[in-house]
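Letters go in sequence order (proteins before strands), and every chain restarts at 1.
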Amino acid sequence: MLDPKLLRNDLDVVATRLRTKNYELDVTLIASLEERRRTVQVKTEALQADRNTQSKSIGKAKSQGEDIAPLLAAVSDLGEQLDTAKAELDTIQTELNEVLLGVPNLPDDEVPVGQSEDDNEEISVWGDLPEFNFAAKDHVDLTEASQMLDFETAAKITGSRFVTLRGELATMHRALTQFMLDVHIKEHGYEEVYVPYIVNRESLQGTGQLPKFEEDLFKLADERDLYLIPTAEVPVTNIARDAIQDANDIPLKFVCHTPCFRSEAGSYGRDTRGMIRQHQFEKVELVQLVPASQSTEAHLGLTQHAENILQKLGLPYRKVNLCGGDLGFSAARTYDLEVWLPGQNKYREISSCSNFRDFQARRMQARWRNPETGKPELLHTVNGSGLAVGRTMVAILENYQQEDGSVRIPQALQSYMYGISEIRF
RNA sequence: GGAGAGGUGGCCGAGUGGCCGAAGGCGCUCCCCUGCUAAGGGAGUAUGGGCUAAAACUCAUCGAGGGUUCGAAUCCCUCCCUCUCCGCCA
């Protein structure tokens, strides 16, 4: 959520900046709601103050044995007035709140102008693209001879966009997770957390998935209003919801491995082949909660942490600075890491590292106490994948394929896979 | 699933209709006293919001929501959570 004061005082500036995110702010609606809110709130609170004083004087009179009948008569119609005013205020505030919860975060100044991912700015490229003196296959064709990567069986068990892994591929999938966690914990100083995979509405609203993107989520079919997590970002960031951190306890740096569940509504026909886009996938997520002054630095650092995984695995990738049009709802700035996939002959997103500034923290009331002022201040939240496990496995299969159809195991991963150095399908 | 107890400020804990945003204690911050391994005295110490240049002022919040009442931490209803015992169980 944006700072309401900003929307009150600089509505037009906000509208201008949001246009780079392809979002048209309804300035007229917000201004008029805000105007009504002010009038009605002032009126309501004045009535409340009036009632409070009068009720107090009734109490006093009663305790002194005076006749309170005339006092009661004086407040008789106050209650009704107050109810009306309160109801009106409630309506306005609910509406205003709904509007504000739907307004995306402001992009940072450094965000490139652009409409789509084609306008993203390439920042750096790492690694040499593999050269094959044979026709490179994609991960589906590569594994076809075995049952190690099996979409049909998953379709039987559940439906489309699920996968079943067997044998060494299932091991590699788990090994990757373990490897990533170890690097982030031991080399990058993150604290591992284990969290619920089912979350409530408040948590999803805190990180920005609700109320606008409900159709992307799997919702449980009972009356409890619970959802499967689309990313560990939701439960992990919400650790800090409605809390004030001690200055000594921040920055908080969490790493968390979870499955992620996404309905992929609206992406029918996209990436239907292979395990690029699944309803269920594993991810190792990095989350940092830091004071405002440190978030830019934390964002750069976190991105580098994700890059280190790709480098250790020897996977060629590039880093792009997302343009306004491609930026997510809650993000102020995002670096995507795109790994090279020979099977598709292009770079594909494998990690998305974002700085949310105070946008999520305001929704969550996630704060810390600044010892210099003694006052609570909103934290800044930063997160990114470190990395998406399924896509990393796809990248290894495709980049490390050999002419005979086998796949070499990256050196860094071998000790996590009982020492084997290749997989034959 | 059955029976019971409970949710109050950073923590403990009092408060069963008004004088309660809330005693007391602990912790923390500042000041004073005291030459000594610790103690004593004093002051301060919740969060969000409105209005405002800022303050003054003011509203809300005692798990959440609703109700009764001129007035609710306190009474009533619903829900959530925690604890104890029993049952079941990865």
How far does the C1' atom of B/rU69 sit from the matching atom of B/rU16, given to the nearest Å? 16 Å
By nearest nucleotide on RNA chain B, pick out whichever of A/N52 and A/R369 is the more 5' one. A/R369
Opposite nucleotide pairing with B/rC85, Watson-Crick or G-U, both atom distances under 3.5 Å: B/rG2
Considering only the P atoms, how many Å lie between B/rG6 and B/rG42, rounded to the nearest integer? 36 Å
Would you classify A/K62 as touching base, sugar-phosphate or nothing, given that sugar-phosphate means primed atoms plus P, OP1 and OP2, and contacts are heavy atoms under 4.0 Å? base
Pick the C1' atom in B/rU58 and in B/rU52, then give their distance to the nearest Å. 12 Å
Check every nucleotide of RNA chain B for an atom under 4.0 Å from a heavy-atom of chain A, then give the first and the last such nucleotide from 5' to 3'. B/rG18 to B/rG71
When the nearest nucleotide of RNA chain B is assigned to A/Q365 and to A/I58 on a heavy-atom basis, which residue is associated with the more 5' position? A/Q365
Would you call A/E285 and A/K283 a salt bridge, taking side-chain N to carboxylate O under 4.0 Å as the test? yes
Sugar-phosphate only, base, or nothing, as touched by A/R37 at under 4.0 Å among non-hydrogen atoms: sugar-phosphate
Angle between ring planes, A/Y190 versus A/H188, binned at 30° and 60°: parallel, tilted or perpendicular? perpendicular
Quote, to the nearest angstrom, the C1' distance that separates B/rU47 from B/rA43. 23 Å
From the list A/E307, A/E338, A/E121, A/E349, salt bridge (Lys or Arg N to Asp or Glu O under 4.0 Å) with A/K319 holds only for A/E307
Answer with base, sugar-phosphate or nothing: what part of the nucleic acid does A/R362 contact at a heavy-atom distance below 4.0 Å? nothing
Rounded C1' spacing from B/rU45 to B/rA53 in Å: 28 Å
Interatomic distance at P, B/rC81 relative to B/rU68, whole Å: 28 Å
